[in-house]
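In what follows, chains carry the letters A, B, and so on, assigned in the order in which the sequence lines appear, proteins first and then strands, with residues in each chain numbered from 1. Side chains are part of it too, since the values below use all heavy atoms of this structure and drop only hydrogens, waters and symmetry mates.
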Amino acid sequence: MNARPVSLKRRLALWLTAIVAGLGTLLLIEAYTSAHKAADRALDGQLAAASLTMAESLQWPDGQPTLEMPASALQILATQWQERVFYWLQADNGRTITRNAELPISAAMRDAASHHPVFYDADLDGVPIRLHGREIDSAGWDTQEPVQLWVGHTRRGRDLLAGELFEKSASRFAAMVLITAALLMIAVRALLAPLERLRRALRDRHPDDVEPLTLEVPREMREWVDTLNRLLADQRDRRATLLRFIADASHQLKTPLAGLQSTSELALASPDPAAWRRALNEVHDSASRTSRLAGQMLSLTRLRHLGPDQERQPLALDALLRAVVMEWADRQESRDHDLGLALTCAQPAWVAGEAWALHELLNNLIDNACRYTPHGSQITVALRDLTPDRLELSIEDDGPGVEAAARERLTRPFERGQRQDTEGSGLGLAIVDSIARRHGSPLELSAVSPHGLRLSLTLVRLAPPEADSDRHTPDPGERA
Amino acid sequence: MGLGVSPAVAEPLIVEAALDRPVFQPVLDAFSAEYPQITLDYRERSTLEADRRARDAENPPDVVISSAMPWQLALSNEGRAQALDSVEAQQWPAWAKWRNEVFGFTFEPVVMAYRLELASHMPPPTTHRDLLDLLTDYRDWLRGRVVTYSPRDSGVGYTLLQQDARYTPRIWDLVAAMGAANVDLAQDTQAMLEGLSDGRYWLGYNLLGSYAMVWAQSHPDIIVQVPNDYSLVLMRMAFVHRDAPHPQAARRFVDFLLSQRGQRILAGRTPLFSVRDDVIGPYTAQRLRDQVGDHLYPIPINATLLAFVDPLRRQAFLRRWDRELNILSE
């Protein structure tokens, strides 16, 4: 079952809907309450005006309050919405002077009205009404008792007015939402257009096309395109390297095979068995060189195509060095060289590494040094502390050295430092470099004065393993 | 007509009305003809009695009709009326209704009436000023022969005098002059008309034109005068009671009063005058205006009427009435 892919437009629409719904609810609640407040404000004014008009007609002819109800006051009270109107004039002691309804006025309301004019929402026989009360005091010849005048009316006009106001705000809001939604749809479409262009550009690409993308995109998307272009550039480099390696390898294999062919043809043309034997010897030598070349190509390919290694183990590098140098000291190839070992580091020197790979690395380094230096050269393998937790492994010779420009290329396959006079395959340093990189640092090449070449790499020193107190020296060549 | 109730089932309808049955009968008959399933219980009352019945919580009527406009409005203000939302009610002119609950459905001018023989002794009055002059100049002739409504005993009389006093304070001069002429006080127009025909009274003030005009048709010795300066117009007001036991029939009845059919009968066969302009007949507001000019002043149907029923204001008004009535005699 395939999950439906997420649509950005739908997501945006959902978010917007949620936001608009949330904000809209709040806004509408606010609009509703403020509409009612506005309606109340407007019509409370009428209540107050009616109350004032009545108060004007209030008289105390003999110290007793009396009121000739002014008709206009009732008309003001009724408003244009023809409300039911109520009034209640009370003497100070609560005695009714005149009224047309028994209004729900509590002692607390009466008390509040004695301090300042008040407005209340109330309920008269199930009908919601609005009440306004105030106390009226007047000077006169006799002492005059204050009176409280309460007026009120039903809420039809308020509800209609509030409804009208609310309807207006609500329709304004609805129009705003619709316009915003339309504009956002257009904006979203415009904003998503570059993504669409990028998608199309990628889809229409030929699989072999690794040229960088040239596409006008917004700043926010620039990084994407840059990343894509970096990826494409890497691909391009890798392809080039691979093609070069294949070309070089074919070339390297072609030369000895051509030699074999011509040697064997010459021998076959000769009737002399001694010539056959010479030819056979030559064929044998050439075949073993070619076989060695193929082996090295294999091991380089394997190194390059191995995944991140999980085979590293703590090993004592100083011991490994000793073993390898001792082995080389006995070999034919180094007989004419002065091979030395300088262990100036704190011992034992634990590193995390693949024993077989480091062994291969040392073999190649020493083999290389022997091969490309004249007889009698001094070759020194050294291990020293760079910092308390970094070790430097180096090999130095006092041979002719390599020019700076050529040094850069030495680690590439089939480079021989412009020397055609040796039998090396040209893969040795490429293998060394690959192994060095697998162990965390590239191979560095530098000149030695007055002449000679120095190759070095740095390794991270490990704390000595605790549980295993007797040092385990891996067997050289053994795959750990 | 599509009626919700089958004709077999009798539907009662109680109408408490301060409106003389003989005058109103053609309308009632037409209603009964249109709604034969409704059994009309028409109870003729005085205005104050009709008001009392409307407040009876035990046995509320279905429809209340009264010319005591302030009381009708007060009943509505107390929430005893229910709003109608029929087409007739919605389209009824705004000046003739309140809250879509109370509807003024007649247009009755308030008039003066005098005996024909009065004209042989003095110039007959055509305006309020004429009346005052007459009462001043011929006080001895008219002593005991003048009649008007008792504002204390009649809701209509009280309303008319209050409205008169709102237009001009000089009405009190007239009251004083009538008091000096030992004015007789009646409870209804019928009593005044009978007194005029008997010869007991020569002059009546503030009679309901609707009754007086019908009376004058059969009593040629009675002259009806619509005052030429201003003439109050009283409107008979009807509403459906909030607690009407038969609300459907009640709403039908009021709708009928407001309908063109009901109003046409009002205009053609009663002297109550139709309010609607789309009705033609001898008794329409429009025709009355054409005849007497534009000095007809309908008593406005709005909250100001509520002031008239305020007990304190009524008390003060009646106190003044008593005082003015006797002011010249002392």
With rounding to the nearest 0.5 Å, note down the distance linking [atom1] in [X] to [atom2] in [Y].
X: Met69(A); Y: Leu306(B); atom1: CE; atom2: CG; result: 9.5 Å
X: Leu312(B); Y: Ile97(A); atom1: CG; atom2: CD1; result: 8.0 Å
X: Gln80(A); Y: Asn302(B); atom1: CD; atom2: CG; result: 13.5 Å

Flag if over 12 foreign heavy atoms under 6.0 Å of [atom1], [X]:
X: Arg199(A); atom1: CZ; result: yes
X: Arg166(B); atom1: CZ; result: yes
X: Asp278(B); atom1: CG; result: yes
X: Phe119(A); atom1: CZ; result: yes
X: Glu56(A); atom1: CD; result: no
X: Tyr297(B); atom1: OH; result: no
X: Asp85(B); atom1: CG; result: no
X: Arg320(B); atom1: CZ; result: yes

Look at Pro311(B), Ala307(B), Ala316(B) and state which one has the largest set of heavy-atom pairs under 4.5 Å with chain A.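 Counting heavy-atom pairs under 4.5 Å, the top option is Ala307(B).
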
Within a strict 4.5 Å, meaning less than it, do heavy atoms of the Arg99(B) and Thr154(A) side chains meet?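 In contact.
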
Which atoms of Leu77(A) come close to chain B, meaning under 4.5 Å heavy atom to heavy atom: side chain ones, backbone ones, both, or neither? neither

Give the interface residues of residues 55-78 of chain B toward chain A, defined by a heavy-atom separation under 4.5 Å. Ser76(B), Asn77(B), Glu78(B)

Toward chain A: residues of residues 230-240 of chain B with heavy atoms under 4.5 Å: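 Result: none.
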
What residue pairs, at least two apart or across chains, pass salt bridge (Lys or Arg N to Asp or Glu O under 4.0 Å) with a residue in residues 151-160 of chain A?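 For residues 151-160 of chain A, and leaving out neighbouring residues, the salt bridge (Lys or Arg N to Asp or Glu O under 4.0 Å) pairs sorted by first residue read Asp40(A)-Arg155(A), Asp40(A)-Arg158(A), Asp44(A)-Arg158(A), Asp121(A)-Arg155(A).
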
Candidate list Arg314(B), Gln315(B), Arg313(B), test side-chain contact (heavy atoms from CB on, under 4.5 Å), partner Glu68(A), passing option: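 In the set Arg314(B), Gln315(B), Arg313(B), the residue that makes a side-chain contact (heavy atoms from CB on, under 4.5 Å) with Glu68(A) is Arg313(B).
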
Do you know the tightest heavy-atom contact between Trp98(B) and Glu83(A)?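 Between these two residues, the closest heavy atoms are CZ2-O, 4.0 Å.
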
With respect to chain B, which residue among Ala101(A), Ser57(A), Ser72(A), Ala71(A) yields the maximal number of heavy-atom pairs within a distance under 4.5 Å?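 Heavy-atom pair counts peak at Ala71(A).
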
Considering residues at least two apart in sequence or located in another chain, which fulfil the salt bridge (charged side-chain N to carboxylate O under 4.0 Å, His left out) criterion with Arg45(B)? Glu16(B)

